[in-house]
Amino acid sequence: MRAKARLELNGKVVGETKAYDEKNGIIYWDIPFASGKLEAIGLDANDKEVSRYAINSTQQPVELTIAEKDITISKDRGVAKIMVQVKDQNGLPVMLSDNEVTCTISGPGTLLGLEAGNNSDMTDYTDNIQRVFHGHIAAYIQANGEAQPIKVTFTSQWLKPVEVTINVK
């Protein structure tokens with residue numbers, strides 16, 4: 001049984017079904033760029049779909065977003081992890097973004113660090129300014145012992161900022 005795949009752009013086939021190449025270990029197509037949703041559909045030997053992976057082309061980054069809106073930590077040195085994502089006007093993650101983000105905290109909390117997962121970035125992760133990598137960054141905020149909310153704001157030049165309040169109990 002040989003695995004196969006086909007390539008679709010915006011629901012139309014742009015890469016005919018090809019079998020897995022045992023010699024180089026990949027299936028590939030050479031197609032011109034066009035924006036939209038590009039999907040690789042994995043097929044079994046009977047041409048039945050067994051997997052699907054999609055990527056979407058994006059526009060310029062316009063905003064910072066946070067998935068977690070309801071965050072609660074312990075006042076006794078509890079730590080919150082906040083994931084910040086750069087998105088375009090359609091709400092799609094901009095994976096090629098490398099915008100510089102500033103984190104500001106008000107309330108009884110401390111920024112432990114900003115981390116984007118870029119192994120080649122040698123800047124100080126404990127600084128409140130860091131570049132996103134693959135369009136996202138994580139912030140680690142620790143409570144300082146008081147049961148009061150901590151407001152965390154993320155800003156970046158040219159992007160709409162985002163703010164979240166950490167509940168501390």
Side-chain angles (χ1 to χ4, degrees), residues 5 7-12 14 26 33-42 49-169:
L7 199 61
E8 295 180 2
L9 177 65
N10 299 323
K12 295 181 182 174
V14 293
I26 60 172
F33 173 80
S35 65
K37 183 178 183 180
L38 185 66
E39 294 181 279
I41 296 96
E49 182 178 324
V50 293
S51 64
R52 183 177 289 257
Y53 180 78
I55 57 173
N56 292 287
S57 53
T58 57
Q59 306 296 315
Q60 290 284 65
V62 297
E63 67 178 344
L64 298 173
T65 63
I66 297 173
E68 315 89 7
K69 297 294 182 192
D70 187 25
I71 303 171
T72 301
I73 60 174
S74 166
K75 70 176 183 170
D76 300 317
R77 315 293 283 165
V79 176
K81 177 182 178 182
I82 302 170
M83 292 299 298
V84 179
Q85 180 79 52
V86 177
K87 293 195 176 176
D88 72 2
Q89 65 191 19
N90 300 317
L92 295 172
V94 182
M95 302 306 286
L96 295 178
S97 169
D98 69 345
N99 296 70
E100 189 174 83
V101 172
T102 301
C103 176
T104 307
I105 297 174
S106 61
T110 302
L111 174 65
L112 296 178
L114 294 172
E115 210 288 308
N118 184 353
N119 290 336
S120 65
D121 184 354
M122 296 295 137
T123 58
D124 183 1
Y125 69 92
T126 62
D127 191 9
N128 73 321
I129 300 172
Q130 189 72 259
R131 288 201 173 277
V132 300
F133 184 61
H134 292 300
H136 68 269
I137 193 165
Y140 298 90
I141 314 296
Q142 185 173 46
N144 290 345
E146 297 178 42
Q148 295 180 24
I150 303 168
K151 185 169 91 173
V152 185
T153 306
F154 298 94
T155 57
S156 181
Q157 188 173 17
W158 314 115
L159 302 182
K160 180 182 172 189
V162 67
E163 181 178 284
V164 66
T165 299
I166 301 171
N167 301 307
V168 182
K169 295 185 180 198

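Just so we're clear, the structure is a prediction, and the values are computed from it rather than from any experiment.
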A.B. asks: Between N99 and V94, is the side chain to side chain contact (heavy atoms under 4.5 Å, CB included) condition met? List the steps.
C.D. replies: CA-CA 10 Å; N99 296 70; V94 182; over 6 Å; no
A.B. asks: Which pair of heavy atoms, one from P93 and one from T58, lies closest together, and at what distance?
C.D. replies: O-CG2, 3.3 Å
A.B. asks: Supply the atom-to-atom distance N119 CG to M122 CE, rounded to the nearest 0.5 angstrom.
C.D. replies: 7.0 Å
A.B. asks: Can you measure from CD1 (I166) to CD1 (I82) and round to the nearest 0.5 angstrom?
C.D. replies: 4.0 Å
A.B. asks: Is the backbone of K151 close enough, under 3.5 Å, to the side chain of T165 for a donor and an acceptor to pair up by distance?
C.D. replies: no
A.B. asks: So, the side chain of D98 versus the backbone of V132: is there a donor-acceptor pair under 3.5 Å, distance only?
C.D. replies: no
A.B. asks: Quick one: does any side-chain atom of S156 pair with a main-chain N or O of E100 as donor and acceptor, under 3.5 Å?
C.D. replies: yes
A.B. asks: What is the distance from atom CG of L112 to atom CD of Q142, rounded to the nearest 0.5 Å?
C.D. replies: 4.5 Å
A.B. asks: Out of curiosity, H134 NE2 to Q85 CD, how far, rounded to the nearest 0.5 Å?
C.D. replies: 11.5 Å
A.B. asks: Just so I know, are the side chains of M95 and I55 near enough to count as touching, which here means a heavy-atom distance under 4.5 Å?
C.D. replies: no
A.B. asks: Can you check whether L92's main-chain N or O pairs, donor with acceptor, with N90's side chain at less than 3.5 Å?
C.D. replies: no
A.B. asks: With a cut-off of 6.0 Å (strictly less than), are more than 12 heavy atoms of other residues, nucleotides or ligands near NZ of K69?
C.D. replies: yes
A.B. asks: Are the side chain of Q130 and the backbone N or O of V101 linked by a donor-acceptor pair below 3.5 Å?
C.D. replies: no
A.B. asks: Show your reasoning for whether side chain to side chain contact (heavy atoms under 4.5 Å, CB included) applies to E146 and V168.
C.D. replies: CA-CA 7 Å; E146 297 178 42; V168 182; over 6 Å; no
A.B. asks: Using the rule given for side-chain hydrogen bond (donor to acceptor under 3.5 Å, both in side chains), can you reason through N128 versus T104, listing the C-alpha separation, both sets of side-chain angles and the distance that settles it, and then say yes or no?
C.D. replies: CA-CA 7 Å; N128 73 321; T104 307; 4.9 Å; no
A.B. asks: Can any side-chain N or O of E115 pair as donor or acceptor with the backbone N or O of G117 at less than 3.5 Å?
C.D. replies: yes
A.B. asks: Quick check on L96: does its CG atom have over 12 non-hydrogen neighbours (other residues, nucleotides or ligands) under 6.0 Å away?
C.D. replies: no
A.B. asks: Test N144 against R77 for side chain to side chain contact (heavy atoms under 4.5 Å, CB included), laying out the working first.
C.D. replies: CA-CA 6 Å; N144 290 345; R77 315 293 283 165; 4.1 Å; yes
